[in-house]
Amino acid sequence: MIELLISFLLGILLLSPATSANASEKKLPICNYPAIYNFGDSNSDTGGSAAAFYPPALPSGETYFHRPAGRASDGRLIIDFIAGELGLPYLSPYLDSIGSNYRHGANFATGGATVMRPNESWFVNGVSPFNLEIQVEHYTQLKEKTSFFYKDKKKCSRKRMPRPKDFSKALYVIDIGQNDIAAGIRKLSIELQKAALPQIVNQFKVQLQNLYDRGARNFWVHNTGPIGCLPVATVKVQNPMPGYLDKHGCVKSQNDVALEFNKQLKDEIVNLRSQLSEAVIIYVDMYSAKYGLITDAKNQGFEDSFTICCGYHGIGYDVWCGNKGNVNGSEVTGGSCSKPSAVISWDGVHYTEAANRWIATRIVSGSFSDPPVPISRACFYKA
C-alpha cells in the first residue's frame with residue numbers, strides 16, 4: 001500500500017510542476033535574459049568538442065538537425081530546450097570559428113570535460129583538456145575581447161559579439177561533474193571516490209566565484225545525474241551480488257557517489273548565497289528529474305530504461321554510435337534504432353532528444369529547483 005502511494009505521488013511530481021513553483025511564478029516578473037553562457041560537458045556540448053577534435057558522424061543529429069550538429073544525441077539537448085524556453089537562439093560553441101554568433105551568449109562546454117584539471121588524454125580516455133577552469137578562462141577572454149571590439153569604431157566587428165551591458169543580465173548555466181565521478185569509478189575504490197568529492201566540489205565553488213567576480217549574477221546550476229543508471233554501466237553486469245543493483249536495475253554504489261557529490265554541492269551553494277550578495281543561485285536537482293524518468297519510463301511513454309538506441313554494447317564489445325566494430329565475429333555498424341523518440345538513452349551514455357525534452361520541460365518549471373522558481377523568473381528571486 002505504501003509503495004503504491006509513493007508511486008502515485010511520484011507520478012504527480014513528474015507530470016506537473018510543483019505548487020510552490022507556481023506560487024513563485026505568480027509573484028515574480030519575467031526575466032528577459034539577453035544571453036545564456038553555458039559551462040559543462042557532453043550533456044550540454046553543442047559543438048565544442050566537434051570543433052576542437054573530430055565531429056560526430058551520422059546518425060548523430062538525425063531527428064532534429066538531420067545532420068551531425070556537434071551534439072551527443074539524435075537531436076537537441078537540454079540546453080537547447082532551455083534556450084527555446086527563454087526565447088533565445090541555440091548557443092554557438094566558443095571553440096567553433098565558423099558561423100558562430102555570440103550576440104545572445106556562448107557555449108563553453110565540451111564533451112569529456114571535468115571540474116578538476118585533467119591528468120588524462122582525450123585520445124586515451126576521452127577526457128577533455130577544457131575543464132571548468134579553462135571554460136571560465138574562455139569566458140573571461142570573450143568578455144575582455146568584447147570590450148575591445150566595442151571600443152572599435154567599426155560597427156561591423158560587433159554584429160556577432162555580445163553587448164557588454166548584457167553580461168550582468170545573462171543567465172549562467174553550469175552542468176558538470178559527471179566525468180569527475182566517472183573517472184573515480186574507473187580508477188578508485190568507493191572509499192577513495194568519496195574522499196575525492198570535497199576537492200571536486202570546492203573547485204566547482206571556486207569557479208562559480210570566479211564567474212561572479214567577472215560579472216555573472218544569475219546562476220542556474222545542475223547537479224549530476226544518476227550515473228549508475230546509464231546503460232553502459234549496467235549492460236556488462238552479470239550475476240550481480242545482492243545489493244549491487246538497486247530495485248530499478250541501476251548500479252547502487254555509482255549512484256551513491258553521485259548523490260554524495262550532489263549533497264556536498266548543494267551545501268556549498270547554500271553557503272555561497274550568503275557570500276555572493278548580488279547573485280541569484282538556483283540549484284537544480286537534475287538527478288531526481290532523470291531518475292524519475294528512468295524509473296517510470298513506460299508510464300512516461302518510453303521503452304525499457306536500459307535500451308540503447310544507437311550502437312552496440314555488451315560483454316567483450318563496444319561499438320559506439322556511428323562507428324563500425326565486431327560483435328560475436330560479425331562486423332556491424334552502430335546505427336540508430338527505428339524510433340528514437342521511444343528510447344531514453346541515445347548511445348548508452350547520453351540521452352535522446354525525446355528524453356532531453358521530457359527532462360527540460362520539468363526543470364524549467366521550477367519543479368526540481370531550490371528555491372522552486374521557474375527559470376524564466378529566477379533572476380528576480382531574492383531569499
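Here the structure is a predicted model, which is why all the values come from computation and not from measurement.
- The closest side-chain heavy-atom distance from R186 to E120 is below 4.5 Å.
- Under the 3.5 Å distance criterion, the side-chain polar atoms of N356 are matched with a main-chain donor or acceptor of R76.
- Scanning all heavy atoms of the two residues, the minimum distance from Y283 to R273 falls at N-NH2, 3.7 Å.
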Query raised in the report: When you look at Y139 and Y172, which way does the side-chain hydrogen bond (donor to acceptor under 3.5 Å, both in side chains) test go after all the steps?
Result: CA-CA 11 Å; Y139 164 78; Y172 292 78; 2.8 Å; yes
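- In terms of modelled atom types and a separation under 3.5 Å, the side chain of R103 and the main chain of N101 share no donor-acceptor contact.
- Of the N and O atoms on the side chains of S100 and D96, not one donor lies less than 3.5 Å from an acceptor on the other residue.
- Annotation for I315: hydrophobic cluster partners, listed by chain and number, are none (ILVMFWY side-chain heavy atoms under 4.5 Å, direct or chained).
- Without hydrogens or angle criteria, D45 side chain to G40 main chain gives no donor-acceptor distance under 3.5 Å.
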**Report entry** Intermediate values then yes/no, salt bridge (charged side-chain N to carboxylate O under 4.0 Å, His left out), R214 and E137
**Finding:** CA-CA 10 Å; R214 290 158 176 75; E137 172 60 23; 5.2 Å; no
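- Side-chain atoms of S73 come within 3.5 Å of backbone N or O of Y351 as a donor-acceptor pair.
- Judged purely by distance below 3.5 Å, without hydrogens or angles, the side chains of D175 and N43 never pair a donor atom with an acceptor atom.
- Sorted by first and then second residue, the disulfide bond (SG atoms under 2.5 Å apart) pairs involving residues 60-103 (not counting sequence neighbours) form an empty list.
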Query raised in the report: salt bridge (charged side-chain N to carboxylate O under 4.0 Å, His left out) between D80 and R71: does it pass, once the steps are laid out?
Result: CA-CA 10 Å; D80 293 314; R71 292 157 172 81; 2.8 Å; yes
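- With respect to K143 and D166, no salt bridge is recorded, no charged nitrogen being found less than 4.0 Å from a carboxylate O.
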**Report entry** Chi angles and distances behind the disulfide bond (SG atoms under 2.5 Å apart) call for C310, C337
**Finding:** CA-CA 6 Å; C310 188; C337 58; over 6 Å; no
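- Taking a 4.5 Å side-chain heavy-atom cut-off between Ile, Leu, Val, Met, Phe, Trp and Tyr, the cluster of Y90 extends to Y64, F65.
- Atom CD of E260 is separated from atom CG of L197 by 6.0 Å, given to the nearest 0.5 angstrom.
- Annotation for T110 and L95: closest pair CG2-CD1, 3.7 Å, computed over non-hydrogen atoms.
- Cluster note: V327 groups with Y312, Y317, V319, V332 through ILVMFWY side-chain heavy atoms spaced under 4.5 Å, whether in direct contact or through intervening members.
- If you chain together hydrophobic residues whose side chains sit under 4.5 Å apart, L86 and M286 fall into the same group.
- In terms of heavy-atom proximity, V284 sits nearest to S369 at CG2-OG, 4.0 Å.
- Between the side chain of H104 and the backbone N or O of P34 there is at least one donor-acceptor pair closer than 3.5 Å.
- Shown here for T46 and P93, the closest heavy-atom pair between the two residues is O-CG, 3.5 Å.
- The closest side-chain donor-acceptor pair between Q264 and E268, if any, does not fall under 3.5 angstrom.
- In this structure, K205 does not pair ionically with D267, as no charged nitrogen and carboxylate oxygen lie closer than 4.0 Å.
- A distance-only check finds a donor-acceptor pair linking the side chain of S345 to the backbone of G348 [under 3.5 Å].
- No path of Ile, Leu, Val, Met, Phe, Trp and Tyr side chains, each step under 4.5 Å between heavy atoms, connects F81 with L293, placing them in separate hydrophobic clusters.
- One hydrophobic cluster holds both I375 and L28 under the rule that ILVMFWY side chains link at heavy-atom gaps under 4.5 Å.
- Legend: disulfide bond (SG atoms under 2.5 Å apart) pairs involving residues 33-125, not counting sequence neighbours: none detected.
- Side-chain atoms of H350 and S42 form a donor-acceptor pair, as typed in the model, at a separation below 3.5 Å.
- The aromatic rings of F204 and F261 lie perpendicular to each other, with more than 60° between the two planes, well past the 30° mark.
- A cation-pi arrangement is found for R217 relative to Y212, the charged atom lying closer than 6.0 Å to the ring centre and inside a 45° cone about the ring normal.
- Under a 3.5 Å cut-off, the side chain of S274 and the backbone N or O of N271 do form a donor-acceptor pair.
- Within the structure, the disulfide bond (SG atoms under 2.5 Å apart) test picks out the following pairs touching residues 188-268 (sequence neighbours left out): C229-C250.
- When only modelled atom types and interatomic distance are considered, S336 and E62 share a side-chain donor-acceptor pair under 3.5 Å.
- No donor-acceptor distance shorter than 3.5 angstrom exists from the side chain of R377 to the backbone of V373, with no hydrogens or angles considered.
- Considering every non-hydrogen atom in both N218 and C379, the closest pair reads OD1-CB, 3.5 Å.
- Checked options F219, W220, F167; the residue passing with Y37 is F167 (criterion: ring-ring contact (aromatic ring centres under 6.0 Å, His included)).
- One N or O on the side chain of D74 and one on the backbone of E353 form a donor-acceptor pair closer than 3.5 Å.
- Heavy atoms only, all atoms of each residue included: V251 and A233 are closest at CG2-O, 3.5 Å.
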**Report entry** Chi angles and distances behind the side-chain contact (heavy atoms from CB on, under 4.5 Å) call for Q135, N131
**Finding:** CA-CA 6 Å; Q135 292 180 28; N131 71 315; over 6 Å; no
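- Under the 4.5 Å side-chain criterion, counting only non-hydrogen atoms from C-beta, Y150 is in contact with R163.
- Aromatic ring centres of H248 and Y291: separated by under 6.0 Å.
- By the criterion of side-chain heavy atoms lying less than 4.5 angstrom apart, applied directly or through intervening Ile, Leu, Val, Met, Phe, Trp or Tyr residues, I176 is grouped together with M116 in one hydrophobic cluster.
- With a 6.0 Å radius and a threshold of 12 heavy atoms from other residues, nucleotides or ligands, Q199 has its CD atom at or below the threshold.
- The closest side-chain donor-acceptor pair between N179 and T114, if any, does not fall under 3.5 angstrom.
- A donor-acceptor contact shorter than 3.5 Å is absent between the side chain of E303 and the backbone of V343.
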